[in-house]
Amino acid sequence: MRASEPELPRPESADRHLDGLLARVGRGDQAAFEAVYDNLAGPVYGLILRVVRDPAQSEEVSQEVLLEVWRTAARFDPARGRAATWVMTIAHRRAVDRVRSAAAATAREQRTAEVPVPHDAVADTVEASLDAERVRRCLDGLTEHQRESITLAYYGGYSYRQVGERLGTALSTIKTRIRDGLIRMRDCLGVS
Amino acid sequence: MALLRRRQHALTAVYALGALDTAAEVARFERHLAGCQGCTSEVHGFRETATRLGMAVSREPPPALRAAVMGEVARTSQLPATDDGARYRRPVPRRTLLPRLAVAGAAVGVAAAIALGVVLVNTQNQLDQTQQQLGQARRQLATTKTQLAAINAVRTAADATLVAKATTIGGTVTVVKSASMHEIVVTTHGLPPPRAGKVYQLWLIGTNGNKIRSQGLLGTARSGRTGPVLVSGVLPGDIFGITVEPAGGTVQPTVAPIVAIAA
């Protein structure tokens, strides 16, 4: 499957640039923060919206996340991953915090019931960028079970235990599906 | 032990997707991670993969978000690199406004200073009035608090509480408080646009001897809605208020607030 795809070079220099910017943010540089915002506010908001679903709440959570990036930028360690990963990990954690509480989950189920999310929700929200297209194709390359588990866990914000409950599947099976699926995604995306 | 280790190792992907079940489970896995080189590089790759999933659903954020975030950044100090700050400390971000104010202050002539004194006396009177109304507002709030519990159930965040209140000129102001963080989040709905040359200014009004602190100006409404604005540095007994002020805002409120909510 990978052989049929042209190997797109990762924009490493852009990544480095972002790492450098975030390091400057860690030293209190507001102009650098604005540049980080312009690069990552879209991905941050998009991911949070995908998990939280409610636009007003997503905006609120996005603001919290971006402020946390500002406050804790000095703790970013480029040796442990790139800036985008650091920021997106914070965004996902905050989004999950917002939806995991019992009351929130109920409210979200309600919204889901009211506003049906298309089955292929990823394709629906994917921007027409090459990277996004590639992610979609790689997701298509997973088994149905793997895709379902990974999508529920990451985009749905469900814990693997909740994923198991929703699908009526044993926890150990879910664990394996997520692991095997993520390995396949990683290799398909060419993540080193 | 070996079995336990293997079981933890199988969780690298789940951990990287942020899908472990409880904080305790995360803590247990991170203890394992600290001593497991293989897991660390695996988590690294899985996290990167998850990031690609996240980047793929990028969406244009609402335009108001940028101004709201930048406004917060300008008045939010940063944390040191480590929890105890032992490794190295960064200088606190400079408040560039202060020197400029000092220069401006030096430039103010004697006549202007006298005029300012008159304004301040008037302001003081209005302030007393404001405080009185705030006292009233506090009493009203006591009754509002019983409604809080019900609103809370709807509201999502675990330690957050929410107060929604109509302003004296129409529209609603909603405040979500987080006691643990000394912060509140403010949103408004249906507030009439300020008249020409006027702005909405946000305040934290201290009781117990704490001062009135301006929290900046409210941004332009988008589909009748502003915020959410994060207000930091909330002290016990503080009251959050909004006043209508001349463009650019004022140092102290000059009129009674259109809404006051215990922060």
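Both backbone and side-chain heavy atoms feed into the values below; hydrogens, waters and symmetry mates do not. So you know, we letter chains A, B, ... as the sequences are listed, proteins then strands, and number each from 1.
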Choice from A/Thr176, A/Val87, A/Thr89 maximising heavy atom contacts with chain B below 4.5 Å: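 It is A/Thr89.
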Among the listed options A/Asp77, A/Leu67, A/Asp29, A/Thr72, the residue most often paired with chain B at heavy-atom distances under 4.5 Å: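 Most heavy-atom pairs under 4.5 Å with chain B: A/Leu67.
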Derivation of the side chain to side chain contact (heavy atoms under 4.5 Å, CB included) call for A/Glu64 and B/Glu183: CA-CA 11 Å; A/Glu64 288 168 13; B/Glu183 286 173 339; over 6 Å; no
Side chain, backbone, both or neither: which part of [X] has a non-hydrogen atom closer than 4.5 Å to chain B?
{"X": "A/Asp38", "result": "side chain"}
{"X": "A/Ala91", "result": "neither"}
{"X": "A/Ile48", "result": "neither"}
{"X": "A/Thr85", "result": "both"}
{"X": "A/Leu49", "result": "side chain"}

Over 12 foreign heavy atoms within 6.0 Å of NE2, B/His189: yes
Approximate separation, where rounding is to 0.5 Å, of [X] [atom1] and [Y] [atom2]:
{"X": "B/Thr22", "Y": "A/Arg100", "atom1": "OG1", "atom2": "CZ", "value": "9.5 Å"}
{"X": "A/Ser159", "Y": "B/Glu25", "atom1": "OG", "atom2": "CD", "value": "8.0 Å"}
{"X": "A/Thr151", "Y": "B/Leu53", "atom1": "OG1", "atom2": "CG", "value": "7.5 Å"}

Minimum heavy-atom distance between A/Gly42 and B/Pro61, given as atom pair plus value: CA-CD, 3.9 Å
Shortest non-hydrogen contact from A/Ile178 toward B/Ala13: CG2-CB, 4.0 Å
side-chain hydrogen bond (donor to acceptor under 3.5 Å, both in side chains) partners of A/Arg93, counting only residues at least two apart: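 Checked A/Arg93 against side-chain hydrogen bond (donor to acceptor under 3.5 Å, both in side chains); matches are A/Glu68.
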Kindly indicate whether the side chain of [X], heavy atoms from C-beta on, has any atom under 4.5 Å from the side chain of [Y].
{"X": "A/Glu60", "Y": "B/Val185", "answer": "yes"}
{"X": "A/Tyr160", "Y": "B/Leu17", "answer": "no"}
{"X": "B/Val69", "Y": "A/Trp70", "answer": "no"}
{"X": "A/Val135", "Y": "B/Met55", "answer": "no"}
{"X": "A/Tyr37", "Y": "B/Met70", "answer": "yes"}
{"X": "B/Leu11", "Y": "A/Lys175", "answer": "yes"}

Sidechain N-carboxylate O distance under 4.0 Å for B/Arg66, A/Glu34: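 Here B/Arg66 pairs with A/Glu34 in a salt bridge, since their nearest N and O are under 4.0 Å apart.
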Salt-bridge contact B/Glu42-A/Arg179 (side-chain N to carboxylate O under 4.0 Å):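 Judged by the 4.0 Å cut-off on N to carboxylate O distance, B/Glu42 and A/Arg179 do form a salt bridge.
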Stepwise side chain to side chain contact (heavy atoms under 4.5 Å, CB included) check, A/Leu66 with B/Glu72: CA-CA 10 Å; A/Leu66 290 158; B/Glu72 274 316 307; over 6 Å; no
Polar side-chain atom of A/Gln63 near backbone of B/Pro228 as donor-acceptor pair, under 3.5 Å: yes
Donor-acceptor contact below 3.5 Å, side chain A/Arg75 vs main chain B/Pro80: yes
Evaluation steps, side chain to side chain contact (heavy atoms under 4.5 Å, CB included), between A/Arg82 and B/Glu48: CA-CA 8 Å; A/Arg82 49 188 195 117; B/Glu48 176 61 36; 2.8 Å; yes
Contacting moiety of B/Val43, where chain A heavy atoms sit under 4.5 Å: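 Contact with chain A involves no heavy atom of B/Val43 at all.
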